[in-house]
Undergrad: 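Before anything else, here's the structure in question.
Letters go in sequence order (proteins before strands), and every chain restarts at 1.
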2 protein chains.
Amino acid sequence: MSHMGYARLMALDREHVLRSAAALLTRKSTATMDEVAKAAGISRATLHRHFAGRDALVRALEALGIAECEAALTRARLDDGSASDAVRRLVREIQPAAGLLAFLYGENQLWETEGDPGWSRIDARIGTVFVRGQQSGEFRIDLSPVWLTEALYGLIASCAWAAQDGRVAPKDFTHMIVELLLGGALRREEP
Amino acid sequence: MSHMGYARLMALDREHVLRSAAALLTRKSTATMDEVAKAAGISRATLHRHFAGRDALVRALEALGIAECEAALTRARLDDGSASDAVRRLVREIQPAAGLLAFLYGENQLWETEGDPGWSRIDARIGTVFVRGQQSGEFRIDLSPVWLTEALYGLIASCAWAAQDGRVAPKDFTHMIVELLLGGALRREEP
DNA sequence: CCCATGTGAGACATTCATGTCTCATTATAG
DNA sequence: CTATAATGAGACATGAATGTCTCACATGGG
């Protein structure tokens with residue numbers, strides 16, 4: 001059946017194109033459609049056949065980022081064990097998507113917040129673990145879950161960018177982020 | 001003397017234009033030269049008389065940001081007292097420039113690092129306070145000064161953006177950043 | 001073999017920000 | 001008042017990226 005074969009190949013191509021675009025745009029967020037096509041090893045015409053335009057491409061990347069976040073969230077099993085360990089697992093699981101996330105984080109600063117494509121759900125899931133940590137007494141309560149979530153995004157993006165420029169070592173990704181974030185969020189035991 | 005009067009007015013206008021541009025570009029980093037001109041209350045022609053082009057404007061904003069950083073660094077007297085207090089003073093002093101800094105931080109992600117316009121000196125000054133804190137035993141040593149500096153930038157930008165969108169309260173700026181950053185950088189006293 | 005489908009290459013029009021220019025008007029110093 | 005200089009308004013050309021289209025090629029199934 002040519003139709004099914006077609007659909008399957010398309011899906012694979014689409015996936016490959018998205019990965020390439022993510023890798024390129026992470027490094028150079030202003031890359032041209034032509035550059036994106038070249039990076040994916042296809043022509044600009046074919047790129048336009050997969051994604052109607054630049055907007056569609058970016059929105060597809062956003063959908064991919066959201067999907068990877070959701071998957072990382074699930075893999076991290078945020079409800080299990082201590083909140084600290086949950087956050088540590090989350091950062092570890094989210095690391096492979098950090099570059100894409102950093103790109104999207106930067107792009108979001110210049111989008112008018114239209115219909116929410118799914119970030120609010122992710123915000124909520126992450127926020128929940130901070131709330132749980134506060135309720136269990138693990139985390140200090142003078143830093144709001146919203147701010148902690150925001151700070152987590154910021155640290156992930158910062159670390160991804162710094163690693164991109166070789167200012168920090170990618171292998172320390174989880175350690176740097178978790179230790180800094182949790183060190184601030186974790187309530188200090190009284191001496 | 002028309003020449004001196006001219007020069008002085010120009011300087012004032014230039015300052016005003018830069019402030020307006022900073023405020024606008026902080027909110028909308030893709031704003032047009034025309035929008036920038038309107039925001040400053042001048043015509044596009046006059047804007048071009050002050051700044052040869054968009055690049056020149058952005059570079060002027062960068063110079064302004066660097067100058068404000070240097071000034072904040074000096075006012076914070078990073079060499080006095082404990083490193084923690086020094087960082088706290090720094091964040092407090094840098095808050096007025098946070099919006100501009102966030103804009104420049106975002107822009108820098110898509111610039112090829114040409115001739116350094118002055119950021120490395122600022123990096124060094126900030127890095128020094130973290131080194132001092134580590135040497136005095138105030139800060140943990142498993143987080144490098146480079147990463148701490150990077151994280152500070154990231155947190156400032158995150159907080160500025162979050163405040164812009166109303167997700168966090170601007171009045172808590174210093175508290176949120178310092179408590180999160182220092183909580184991670186400050187060595188925990190053993191129980 | 002033949003047909004259908006995906007693809008690459010390239011031409012083409014369009015849009016938009018930019019940069020440059022002119023000219024009339026305003027304001028300011030002398 | 002007069003001349004100098006800055007401004008605002010707008011026309012204009014330019015360049016870059018985008019989106020659309022056509023056509024030739026190749027690849028794979030029937």
Undergrad: Have Glu150(A) and Trp161(B) got a donor and an acceptor in their side chains that come within less than 3.5 Å?
TA: no

Undergrad: Measure from CG on Asp13(B) to P on dT28(C) and round the result to the nearest Å.
TA: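 My rounded result for the distance is 12 Å.
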
Undergrad: What is the separation between atom CG on Leu25(A) and atom P on dA17(D), rounded to the nearest whole Å?
TA: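 About 14 Å, once rounded to whole Å.
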
Undergrad: With sequence neighbours left out, write down each residue that passes side chain to side chain donor-acceptor pair (under 3.5 Å) with Arg19(B), or none if nothing qualifies.
TA: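 Listed in chain order: Glu15(B), Glu68(B).
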
Undergrad: Whole angstrom is fine here: how far is it from NZ in Lys38(B) over to C1' in dT7(D)?
TA: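 To the nearest whole Å, that distance equals 15 Å.
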
Undergrad: Can you give me every donor-acceptor pair (side chain of residues 96-106 of chain A, partner residue at least two apart or in another chain, under 3.5 Å) with its distance?
TA:
residue: Tyr105(A); atom: OH; partner: Ser158(B); partner atom: OG; Å: 3.0

Undergrad: Under 3.5 Å between N/O atoms: give me all the protein pairs with nucleotides 8-13 of chain D, atom names plus distance.
TA:
residue: dG8(D); atom: OP2; partner: Ser43(B); partner atom: N; Å: 3.1
residue: dG8(D); atom: OP2; partner: Ser43(B); partner atom: OG; Å: 3.2
residue: dG8(D); atom: OP2; partner: Thr46(B); partner atom: OG1; Å: 2.5
residue: dG8(D); atom: O6; partner: Arg49(B); partner atom: NH2; Å: 3.2

Undergrad: For Ser84(B) and Glu138(B), does a side-chain donor sit closer than 3.5 Å to a side-chain acceptor?
TA: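 Short answer, yes.
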
Undergrad: Would you call Asp34(A) and Lys38(A) a salt bridge, using N to O less than 4.0 angstrom?
TA: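 A salt bridge is present here (some side-chain N lies under 4.0 Å from a carboxylate O).
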
Undergrad: How many Å lie between NE2 on His50(B) and P on dG19(C), as a whole number?
TA: 16 Å

Undergrad: Could you check which of dA17(D), dT18(C), dT7(C) has an atom nearest any side-chain atom of His48(B)?
TA: dT18(C)

Undergrad: In this structure, how many angstroms lie between the C1' atom of dA6(D) and the NE2 atom of His16(B), rounded?
TA: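 For the pair His16(B) NE2 and dA6(D) C1', the rounded distance is 17 Å.
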
Undergrad: Return the value, rounded to whole Å, for the distance between atom CZ of Arg54(B) and atom P of dT20(C).
TA: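 Value for this atom pair: 16 Å.
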
Undergrad: Got a donor-acceptor contact below 3.5 angstrom from the Gln134(A) side chain to the Leu143(A) backbone?
TA: yes

Undergrad: How close or far is atom C1' of dC16(C) from atom CD of Glu35(B), stated in whole angstroms?
TA: 12 Å

Undergrad: Let me know the distance between CZ of Arg14(A) and P of dT7(C), rounded to the nearest Å.
TA: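 That distance rounds to 13 Å.
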
